[in-house]
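These numbers come from the heavy atoms of this one structure, side chains and all, not from hydrogens, waters or symmetry mates. Chain letters run A, B, ... following the sequence lines, proteins first, then strands; residues in each count from 1.
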Number of protein chains: 2
Amino acid sequence: MQPKQILREHVAKIAKLNDEEFENFFNRFELRSYKKGQTIIAAGDSVDREYFVLSGCLKSFYINDDLKMFILQFAMPTWWTSDYNALYTNAKATISVDCITDAEVLSLSNENREALCREIHQAEHFFRWRTNRGYVASQKRLLSMMNNDVKHRYEELMAQYPELYQIVPKQLIAAYLGVSRETLSRLHH
Amino acid sequence: MQPKQILREHVAKIAKLNDEEFENFFNRFELRSYKKGQTIIAAGDSVDREYFVLSGCLKSFYINDDLKMFILQFAMPTWWTSDYNALYTNAKATISVDCITDAEVLSLSNENREALCREIHQAEHFFRWRTNRGYVASQKRLLSMMNNDVKHRYEELMAQYPELYQIVPKQLIAAYLGVSRETLSRLHH
DNA sequence: ATCCAACTGTGATCTACATCACAAACAACT
DNA sequence: AGTTGTTTGTGATGTAGATCACAGTTGGAT
């Protein structure tokens, strides 16, 4: 399917844009391709874009002082990702984003998003709902983190995204669950 | 300060509403007062409102099968709270909200929020930014949960909201940090 | 002032998970 | 096919924090 069509169907679920509006909407994006392992945002970078995944799988992650990695999100097709704190506040990135597989994305600058939101009321509506969903998902994950043990969290993740099992090395799944790769490996006993 | 003025200043930080628009905005809210300990949303309820805190302190929390409580948020003046999952999806509440102290709030129905967002572009803008901030804060907390030990998380919380120490029983602070009250108590050694 | 309920501190013990160390399996490139 | 790096499994040991039990303390209601 065409990038334009993918985005159109995604947006149509939430916002009603006529052809002219969607044309304007789509034209604000840039199509980009990345290879497996390529970095899109590195910690320390200035961040002025967010990314809508068309194909492949990205991860957004934080690396602490002991060089331990924590994964915030696996971004699959039709997911959005960036370092939103940096993007919204003009701070330097503390979250990095890179490619787990080859990937195609549509990238949108902060400036263009805000322009769209100004020009097209329904665009603002769309981005409001997108973040609402993200917020609810993030709270759910926080609760699961506090409430459930690793096994439970692992099964939850696999139930929700079975395709991850194929694509993503287990040490990355461990970094998402907030557990050591050794402990994750021992789960199958 | 008057409820109207508190809301006006809060909204003005993000959205530009003229007098007429703000009048419409404000009139959609209902002023409510609650006593310490009163429940605003109980798990299992239908949820059709969210709450803007004028004075006092609320908590939003989840209680698991073992009757253990986890606190999502302490809602202080100018904070918003609800069970947003339930509110957005029309599901029954899994998150409860009640009053840690006597409190005054402005409540806004889902319907009225959506009407405002339809009628006033800047209202939609406001609610988009409010959730953006919440989303970023929630991700930060998730990372801190995975990365830092209890002591670190406790100091972080106290640095950010020193007033909590006075108002909130320590067992509730423990429930926010995701730790037992005994462990929190032993932190001061 | 007194009573009851909610809150806080502290010891003893238990457990989920981390860390370290090493070996085996797998993939990728030349 | 062989070399190199990346990923996974598994044993041994260490530790942060949970849980249970009980005592002391605070605070609101009558």
Side-chain angles (χ1 to χ4, degrees), chain A residues 34-39 56-57 59 61-71 74 98-102 142-158 164-189, chain B residues 34-39 56-57 59 61-71 74 96 98-103 142-158 164-189:
Chain A
Y34 296 94
K35 289 283 165 201
K36 178 175 176 174
Q38 244 188 302
T39 297
C57 181
K59 67 176 191 284
F61 59 100
Y62 171 75
I63 295 192
N64 75 4
D65 300 342
D66 304 332
L67 302 183
K68 209 162 141 178
M69 179 195 297
F70 299 92
I71 294 181
F74 295 113
D98 71 14
C99 301
I100 295 177
T101 67
D102 290 358
L142 182 65
L143 271 184
S144 181
M145 203 72 202
M146 297 203 278
N147 193 10
N148 304 130
D149 66 9
V150 182
K151 189 165 191 185
H152 194 111
R153 267 144 51 210
Y154 176 72
E155 282 159 6
E156 216 169 53
L157 180 67
M158 286 303 122
L164 282 181
Y165 194 89
Q166 319 297 332
I167 302 173
V168 177
K170 306 228 164 154
Q171 47 183 333
L172 294 188
I173 292 179
Y176 179 92
L177 297 174
V179 79
S180 72
R181 57 164 204 85
E182 292 95 328
T183 297
L184 181 65
S185 164
R186 275 185 261 260
L187 239 53
H188 305 295
H189 302 324
Chain B
Y34 295 95
K35 289 283 165 202
K36 178 174 176 174
Q38 245 189 301
T39 297
C57 182
K59 67 176 192 284
F61 59 99
Y62 172 75
I63 294 191
N64 76 3
D65 300 341
D66 303 332
L67 300 185
K68 209 164 142 180
M69 179 195 298
F70 299 91
I71 294 182
F74 294 114
S96 308
D98 70 14
C99 301
I100 295 177
T101 66
D102 291 358
L142 182 65
L143 272 184
S144 181
M145 202 74 202
M146 296 203 279
N147 192 11
N148 303 131
D149 66 9
V150 184
K151 190 165 190 183
H152 193 111
R153 266 145 49 210
Y154 176 71
E155 282 160 4
E156 215 168 56
L157 181 66
M158 287 303 123
L164 283 182
Y165 194 88
Q166 319 297 330
I167 302 174
V168 177
K170 306 228 164 156
Q171 47 182 335
L172 295 187
I173 292 180
Y176 180 92
L177 297 173
V179 79
S180 72
R181 57 166 203 81
E182 292 94 328
T183 298
L184 181 65
S185 162
R186 275 185 262 260
L187 239 54
H188 305 295
H189 303 325

Quiz item: When you look at B/F74 and B/L172, which way does the side chain to side chain contact (heavy atoms under 4.5 Å, CB included) test go after all the steps?
Solution: CA-CA 9 Å; B/F74 294 114; B/L172 295 187; 4.3 Å; yes
Quiz item: Could you walk me through whether B/I173 and B/M158 pass the side chain to side chain contact (heavy atoms under 4.5 Å, CB included) check?
Solution: CA-CA 10 Å; B/I173 292 180; B/M158 287 303 123; 3.5 Å; yes
Quiz item: What's the verdict on side chain to side chain contact (heavy atoms under 4.5 Å, CB included) for A/N147 and A/L143, showing C-alpha distance, side-chain angles and the deciding distance?
Solution: CA-CA 6 Å; A/N147 193 10; A/L143 271 184; 5.6 Å; no
Self-check item: side chain to side chain contact (heavy atoms under 4.5 Å, CB included) between A/Q171 and A/L184, intermediate numbers included
Solution: CA-CA 8 Å; A/Q171 47 183 333; A/L184 181 65; over 6 Å; no
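Within the structure, a side-chain polar atom (N or O) of B/K68 is placed less than 4.0 Å from OP1 or OP2 of D/dT19.
The CE-P distance, from B/M69 to C/dA6, rounds to 12 Å in whole Å. Atom CZ in A/F70 sits about 10 Å away from atom P in C/dA18, given to the nearest Å. Following rounding to the nearest Å, A/D149 (CG) and D/dA18 (C1') show an atom-to-atom distance of 13 Å. The distance between atom CD1 of B/I167 and atom P of C/dC7, rounded to the nearest whole Å, is 15 Å. As rounded to whole Å, 12 Å separates atom C1' of C/dA18 from atom CG of A/D66. Remark: C1' of D/dG17 and CE of A/M146 are 16 Å apart, rounded to the nearest angstrom. As rounded to whole Å, 12 Å separates atom P of C/dT19 from atom CG of A/L67. Rounded to whole Å, the distance from CG on B/N64 to C1' on D/dA18 is 13 Å.
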Practice problem: Let me have a per-nucleotide readout for nucleotides 25-30 of chain D, 5' to 3', with B, S or -, counting only protein heavy atoms under 4.0 Å. | Solution: ------
Practice problem: If a protein heavy atom is under 4.0 Å from the base, mark B; if only from the sugar-phosphate, S; if neither, -; do that for nucleotides 5-14 of chain D going 5' to 3'. | Solution: --SBBBBB--
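Within 4.0 Å (heavy atoms only), B/K151 reaches no atom of the nucleic acid at all. Within 4.0 Å (heavy atoms only), B/G178 reaches sugar-phosphate atoms of the nucleic acid but no base atom.
Distance alone, capped at 3.5 Å, places no donor-acceptor pair between the B/T101 side chain and the B/G56 backbone. Listed for the B/R181 side chain is no donor-acceptor partner under 3.5 Å among the backbone atoms of B/K170. Looking at A/N64, its side chain does come within 3.5 Å of a backbone N or O of A/D66 through a donor-acceptor pair.
The aromatic rings of B/Y154 and B/H188 sit perpendicular to each other, their planes meeting at more than 60°, with 30° as the lower class boundary.
Checked options A/K36, A/K59, A/K35; the residue passing with A/D98 is A/K59 (criterion: salt bridge (Lys or Arg N to Asp or Glu O under 4.0 Å)).
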